[in-house]
Structure formats: C-alpha cells, structure tokens
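Below is one structure, written out as structure tokens; the observations come after it.
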Amino acid sequence: MEARLISRIVVKDLSRFGREQVEMGRLTQVVYPTFGVTFISLQENVNSKTGAGMEMMPFYNIFNEWYAAQTSQKIRQVWKTKSEHGERVSSTVPYGYKKSETDKKKWVIDEPAAAIVKRIFALCLNGRGPSQIARQLEDEKIFSPAGYYDSIGKKHSAKNVKNPYGWKSTTVVKILENHQYTGCTVNFKSMTVSYKVHKKIYNPTESQQIIPNT
C-alpha cells in the first residue's frame, strides 16, 4: 500500500482484520484514505469507497476487542483451575525431561540430557562456577541444550545455532536455579502484560505456584 502498488484491501470479516479498535480506526479512517485505498469487509458489508457500513464499524471493532478480552480471561481462568488441581499449565519441558509418549501431561527423564544436568549440579557442588562449568562442557564437546535438540530433531526456541557445543554461563545458572529438577511442578513462572501486549514478565518466587513431589 505504501509503495502505491494496491488500491484495495479486502478481509473476510473485521475480527480477522484486527481486535484493537483504536488501531483499526486509525487505519480505516486516516491511513487508508491517505493512500487512496478502499477497505472492504465482506461479513459486515463494509465498503469505505461507498460508505456502506462505515458508521457501524467502530461498534463492530469494540465488540471484537471485548470478545478477545473475554477469551483471554477465560483462558487464564482455565490455567488457574488446572493449577489449583495440581496440573502443570506450561507446555515447556525443561532440558533433561521429555513428555511421556503415552501421557503428554506427564514428564519422564530424558536420559542423555539428564546425565548432563546431574553433572552440572555435581560440578557446582565441587566448587565450580557457572562460567567454569560452561567452559568445561564446551571444551569436552558436550552438546548444549539447543545443540542436543538439533541432534535429535526436536524443535526449540533458539535460532541459527552456530556452535552446538556453545554453552553459556546463563544457561548453566538457569539449570541450577530451576526448581523443577527437584521434582516440583512450578506454575506461573512468567506472565504477559495483557492480551494486547505479549511482553513476558517473570514472577518472583513468592508469586509462583510450586507443587512438590510431582
């Protein structure tokens, strides 16, 4: 649109276009007219060129935003209910564990990775610091968590792993500080600001739910 290559934007319905009424109003009332672009929403019969449906569009947008907020609250309530019944609410499995093939809610020990976790704790108890541990593991060509996942074809969040043996001291610290290696379930380690702002905020330990012996 900004390159003046299109003159029309068509969406199936407004809820697929967006669920933030302030931003949608800015686009449809200011940005699109500035570039001479016609906006059409099929479901609501909105057409900015003819003016059809334009007077009702702010109300559609408000209801769509309200629906998104209500959905977010319901999801959070489901997580809270599950956690109150002792269930894990995080889908992330720490390095050293893996999901059971018969019960995805259950974790089992991933033996090759678990051996490295145990070794990290042993080195720490023997007086080695995180940087020293990371350097030793790298010197011994032991796969980092990302390198290990790459070697077994498992997806992970790290991108473009150049050195599969590249351990960082911060990785070692996270392993040493992870309560889940003691057999606990830890829920609500982090949260997002809101359903609009997906920035992650880490909760202090006292705000987390720690369930022992799971």
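Everything quoted here is computed from the prediction, not taken from an experiment.
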Would you say [X] and [Y] are hydrophobically clustered, going by side-chain heavy atoms of ILVMFWY under 4.5 Å?
| X | Y | result |
| --- | --- | --- |
| V31 | I6 | yes |
| V186 | V93 | no |
| L137 | I152 | yes |
| F17 | I40 | no |
| V30 | Y32 | no |

Nearest non-hydrogen partners of [X] and [Y], listed with the distance:
| X | Y | answer |
| --- | --- | --- |
| N203 | Q208 | O-NE2, 3.1 Å |
| S169 | P130 | O-CB, 3.8 Å |
| Y97 | Q180 | OH-O, 3.0 Å |
| L27 | P33 | O-CD, 4.0 Å |
| G166 | S144 | O-CB, 3.8 Å |
| V108 | S100 | CG1-CB, 4.0 Å |

Flag yes if more than 12 heavy atoms outside [X] fall under 6.0 Å of its [atom1] atom; otherwise flag no.
| X | atom1 | answer |
| --- | --- | --- |
| E2 | CD | no |
| K154 | NZ | yes |
| F121 | CZ | yes |
| F35 | CZ | yes |
| N213 | CG | no |

Heavy-atom check, side chain of [X] versus side chain of [Y], under 4.5 Å:
| X | Y | answer |
| --- | --- | --- |
| V173 | K168 | no |
| R8 | V10 | yes |
| V11 | Q43 | no |
| M54 | V46 | yes |
| S41 | F39 | yes |
| R88 | K106 | no |
| P164 | D150 | no |
| N178 | Y181 | yes |

CA sep, side-chain torsions, deciding dist, call: Y202, K200, side chain to side chain contact (heavy atoms under 4.5 Å, CB included): CA-CA 7 Å; Y202 289 93; K200 185 179 288 187; 3.5 Å; yes
Rounded to the nearest 0.5 Å, how far apart are [atom1] of [X] and [atom2] of [Y]?
| X | Y | atom1 | atom2 | result |
| --- | --- | --- | --- | --- |
| I133 | E138 | CD1 | CD | 14.0 Å |
| N64 | Y60 | CG | OH | 10.0 Å |
| I9 | S48 | CD1 | OG | 9.0 Å |
| C184 | I210 | SG | CD1 | 6.5 Å |
| K189 | T205 | NZ | OG1 | 9.5 Å |
| T81 | R76 | OG1 | CZ | 14.0 Å |

Derivation of the salt bridge (Lys or Arg N to Asp or Glu O under 4.0 Å) call for E140 and R135: CA-CA 9 Å; E140 294 178 7; R135 194 178 309 115; over 6 Å; no
Spell out, as yes or no, whether a donor-acceptor pair under 3.5 Å connects the side chain of [X] to the backbone of [Y].
| X | Y | value |
| --- | --- | --- |
| Q132 | G129 | yes |
| T171 | W167 | no |
| W107 | P94 | no |
| D13 | L42 | no |
| T214 | T185 | yes |
| E44 | L14 | yes |

K118 with E111: basic N within carboxylate O range, under 4.0 Å: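 Salt bridge flag = no for E111 with K118.
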Side-chain ion pair, R26 and E23, N-O less than 4.0 Å: yes
Check against side chain to side chain contact (heavy atoms under 4.5 Å, CB included), E65 and Q70: CA-CA 9 Å; E65 183 171 319; Q70 290 295 305; over 6 Å; no
Parallel, tilted or perpendicular: rings of Y148 and Y95 (30°, 60°): perpendicular
